[in-house]
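Please read the structure below before turning to the comments.
Atom set for the values below is all heavy atoms of this structure, side chains included, hydrogens, waters and symmetry mates excluded. As the structure is a prediction and not an experimental result, all values here were calculated from the model.
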Amino acid sequence: ATTAVLRLWLDGAPLGQRALRLVPGLNTYFFAQAMRAAGLHVVRAQVIAAGDHQPRNNQMEAVTTTAGPPRVLLLAPSGSTVPTLAATLARAGARLTVLPASQAPRAATGLNGYDATVLANVPASALAPASIEALRGAVRDRGMGLLVAGGAGSYAMGGYGGSGLESLLPVDSLAEAHAGHGGVGL
C-alpha cells in the first residue's frame, strides 16, 4: 500500500484534493459534487504518488452532462393548495408548477417540459380521460416520473380501480380477494 494525493478539477477550476491510501489492484473512491449549471462539464482527476515511475498515466478527464433542477408538475384537487408537499418539493430543488387536476395537460406533448408529475390525493374522476392518456404516454413512452401521493381521494377511494391511472401504478387499487367486502383497499 502507498499514500497518494488525488486532485480534482471541474471545468478547469480546482475542486480540491484528498489524501488516499492505494492498494494493488482496483481502488474505488466516491466524491459528491453539486453541479451549479446544466450542460456539459469536464471533470479531471490527477493522482500524485511518491516513487511513481509512470506519472503519465496518473490523470484522466471525463465529460458528463447535467440536466439542472427537475421540473415537476404537481396536480391537486380543485381548491387544494397542498402547501406541505409543494414546500417539500421546492426545498428539494424542484422547479414546481401547481395546477388543479382539472387543468392537467390533455396531450403528452403538454407534459414535455416536466421531468415528473405528482398526483396529490387526486381522484380519477378529477382528470379528463385525455389527461390520463397524456400521463400514460409521457410515463410509458418518454420515461417521465409519476408519484401518486395517497389520501382519501386516491387509489381505491379515488376510483383508480379499473381506470387508466391504475394501469400506470405498481399496485392494484382494489385487491380481488376483498372486492366488495368493505370500504378500504390498496
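- Counting only heavy atoms from C-beta outward, the side chains of Leu8 and Arg44 never approach each other to under 4.5 Å.
- A donor-acceptor distance shorter than 3.5 angstrom exists from the side chain of Asn121 to the backbone of Ala152, with no hydrogens or angles considered.
- Considering CZ of Arg95 and CG of Asp115, their distance stands at 8.0 Å, rounded to 0.5 Å.
- Between Arg18 and Val5 there is no side-chain heavy-atom pair separated by less than 4.5 Å.
- With Tyr160 contributing its side chain and Ser167 its backbone, the two residues share no donor-acceptor pair below 3.5 Å.
- Between the side chain of Thr66 and the backbone N or O of Gly68 there is no donor-acceptor pair closer than 3.5 Å.
- Proximity of a side-chain donor or acceptor of Asn58 to a complementary backbone N or O of Gln46 within less than 3.5 Å is not detected.
- Leu168 contributes atom CG, which lies 8.5 Å from atom CD1 of Ile132 (distance to the nearest 0.5 angstrom).
- Residues Val118 and Leu89 have side chains in contact (heavy-atom distance under 4.5 Å, counting atoms from C-beta outward).
- For Tyr155 against Val148, the heavy-atom pair with the smallest separation is OH-O, 3.1 Å.
- Atom OG1 of Thr109 sits about 10.0 Å away from atom CZ of Arg142, to the nearest 0.5 Å.
- Between Leu15 and Gln33 the shortest side-chain heavy-atom distance falls below 4.5 Å.
- Looking at His41 and Thr65, their side chains never come closer than 4.5 Å, going by heavy atoms from C-beta outward.
- At least one side-chain heavy atom of Leu74 sits less than 4.5 Å from a side-chain heavy atom of Val82.
- Asn27 places a side-chain N or O within donor-acceptor distance of the main-chain N or O of Val23, the cut-off being under 3.5 Å.
- A donor-acceptor contact shorter than 3.5 Å links the side chain of Ser131 to the backbone of Ala104.
- Between Thr3 and Leu20, every side-chain heavy-atom pair lies at or beyond the 4.5 Å cut-off.
- Taking both residues in full, the closest heavy atoms of Leu40 and Asp11 are given as O-OD1, 4.3 Å, listed atom of the first, atom of the second, then distance.
- Inter-residue side-chain proximity for Leu119 and Leu147 is flagged as unmet; no heavy-atom pair is nearer than 4.5 Å.
- Between the side chain of Glu166 and the main chain of Gly162, a donor-acceptor pair closer than 3.5 Å is present.
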